[in-house]
Asks: 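Okay, handing you the structure first.
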Amino acid sequence: QVQLVESGGGLVQAGDSLQLSCAASKGAFSHHAIGWFRQRTGKEREFVAAISRNTESTTYIDSVKGRFTISRDNFKETATLQMNSLNPEDTAVYYCAATWEASPEMVITDQTRYRYWGQGTQVTVSS
């Protein structure tokens, strides 16, 4: 069973950058598709970005395209979400998620397909 721990959240000003990290343990990380999700206050959790097992495929929600970059290091068993040009609408708790996936190229945006979740890390962007 994969265990995920996020880190890197914090309080920043609009226009700043943050890098979130997701450390995995107790599982075959390279066999899992990875996704980042976020939940803003009073709203449902939403998809942000996803990456395939082989790192060759990525996808993003429209509002973060060109600003956020998802990556993973299967050797180090970590995933990263680089967030640039942050704005107050990015304020949320960010979650890393993983799920076993047979296809190396598959990216998964549906949160119901993710089996393992981290505890979340708070990102707050002030204006």
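Positions are given from 1, in the same order as the sequence printed here.
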Asks: Side chains of S103 and E101: do they bring a donor and an acceptor to under 3.5 Å?
Replies: no
Asks: Between T91 and V125, is there a donor-acceptor pair closer than 3.5 Å when you use the side chain of the first and the backbone of the second?
Replies: yes
Asks: May I ask you to check if R45 and W117 form a cation-pi contact, with NZ or CZ under 6.0 angstrom from the six-membered ring centre and within 45° of the axis?
Replies: yes
Asks: Centres of the F37 and F47 rings: under 6.0 Å?
Replies: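 Yes: the rings meet the under 6.0 Å criterion.
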Asks: Which heavy atom in A50 sits nearest to a heavy atom in Y114, and how many Å separate them?
Replies: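 Taking every non-hydrogen atom into account, CB-OH, 3.9 Å.
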Asks: Work out which heavy atom in P88 is nearest to a heavy atom in S127; give both atom names and the distance.
Replies: CG-CB, 3.8 Å
Asks: Which atom pair, heavy atoms only, marks the closest approach of F68 to V48?
Replies: CD2-CG1, 3.8 Å
Asks: Which residues satisfy the side-chain hydrogen bond (donor to acceptor under 3.5 Å, both in side chains) test with Y94, sequence neighbours excluded?
Replies: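 Y94: side-chain hydrogen bond (donor to acceptor under 3.5 Å, both in side chains) contacts with R38.
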Asks: Would V123 and Y60 show up in the same hydrophobic cluster when neighbours are defined by side-chain heavy atoms closer than 4.5 Å?
Replies: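 Yes, it is one cluster - the side chains of V123 and Y60 are joined through contacts under 4.5 Å.
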Asks: I70 and side-chain contact (heavy atoms from CB on, under 4.5 Å): which single residue from T80, T59, L81 fits?
Replies: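 Passing option: L81.
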Asks: After noting the C-alpha distance and the side-chain angles of R113 and D110, does the key distance pass the salt bridge (charged side-chain N to carboxylate O under 4.0 Å, His left out) rule?
Replies: CA-CA 6 Å; R113 292 186 58 186; D110 181 357; 5.7 Å; no
Asks: Rounded at 0.5 Å granularity, tell me how far OG in S71 sits from CD1 in I34.
Replies: 11.0 Å
Asks: Please find the pair of heavy atoms, one from R72 and one from N74, that lie closest to each other, and give the distance.
Replies: NE-OD1, 2.7 Å
Asks: Please list, one pair per line, the donor and acceptor atoms closer than 3.5 Å that link side chains of residues 19-30 to other protein atoms, with sequence neighbours excluded.
Replies:
unit_1	atom_1	unit_2	atom_2	d
Q19	NE2	Q82	OE1	3.0

Asks: Can you hop from Y116 to W36 via hydrophobic side chains spaced under 4.5 Å?
Replies: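 Result: no, two separate clusters.
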Asks: Roughly how far apart are R115 CZ and Q1 CD, rounded to 0.5 Å?
Replies: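 The CD atom of Q1 is 6.5 Å from CZ of R115, to the nearest 0.5 Å.
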Asks: Checking salt bridge (charged side-chain N to carboxylate O under 4.0 Å, His left out) for the pair R40/E89: CA distance, chi angles, key distance, verdict?
Replies: CA-CA 8 Å; R40 291 178 278 192; E89 290 70 41; over 6 Å; no
Asks: With a 4.5 Å heavy-atom cut-off, do Q111 and Y95 have their side chains touching?
Replies: no
Asks: Rounded to the nearest 0.5 Å, how far does CG of L18 lie from CG of L11?
Replies: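 So the gap between those two atoms works out to 9.0 Å.
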Asks: Show your working on side chain to side chain donor-acceptor pair (under 3.5 Å) between D73 and T78 and close with a plain yes or no.
Replies: CA-CA 5 Å; D73 185 326; T78 59; 5.2 Å; no
Asks: Rounded at 0.5 Å granularity, tell me how far CG in N84 sits from OG1 in T69.
Replies: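 Separation between the atoms: 6.5 Å.
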Asks: Locate the shortest heavy-atom distance separating P104 from S52; write the atom from each residue and the value.
Replies: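 Between these two residues, the closest heavy atoms are O-CB, 3.3 Å.
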Asks: What's the separation between atom CD1 in I51 and atom CE in M106, rounded to the nearest 0.5 Å?
Replies: 14.5 Å
Asks: Does any N or O in the side chain of E6 come within less than 3.5 Å of the main-chain N or O of C96, such that one atom is a donor and the other an acceptor?
Replies: yes
Asks: Atom CD1 of I108 and atom NE2 of H32: how far apart are they, to the nearest 0.5 Å?
Replies: 10.0 Å
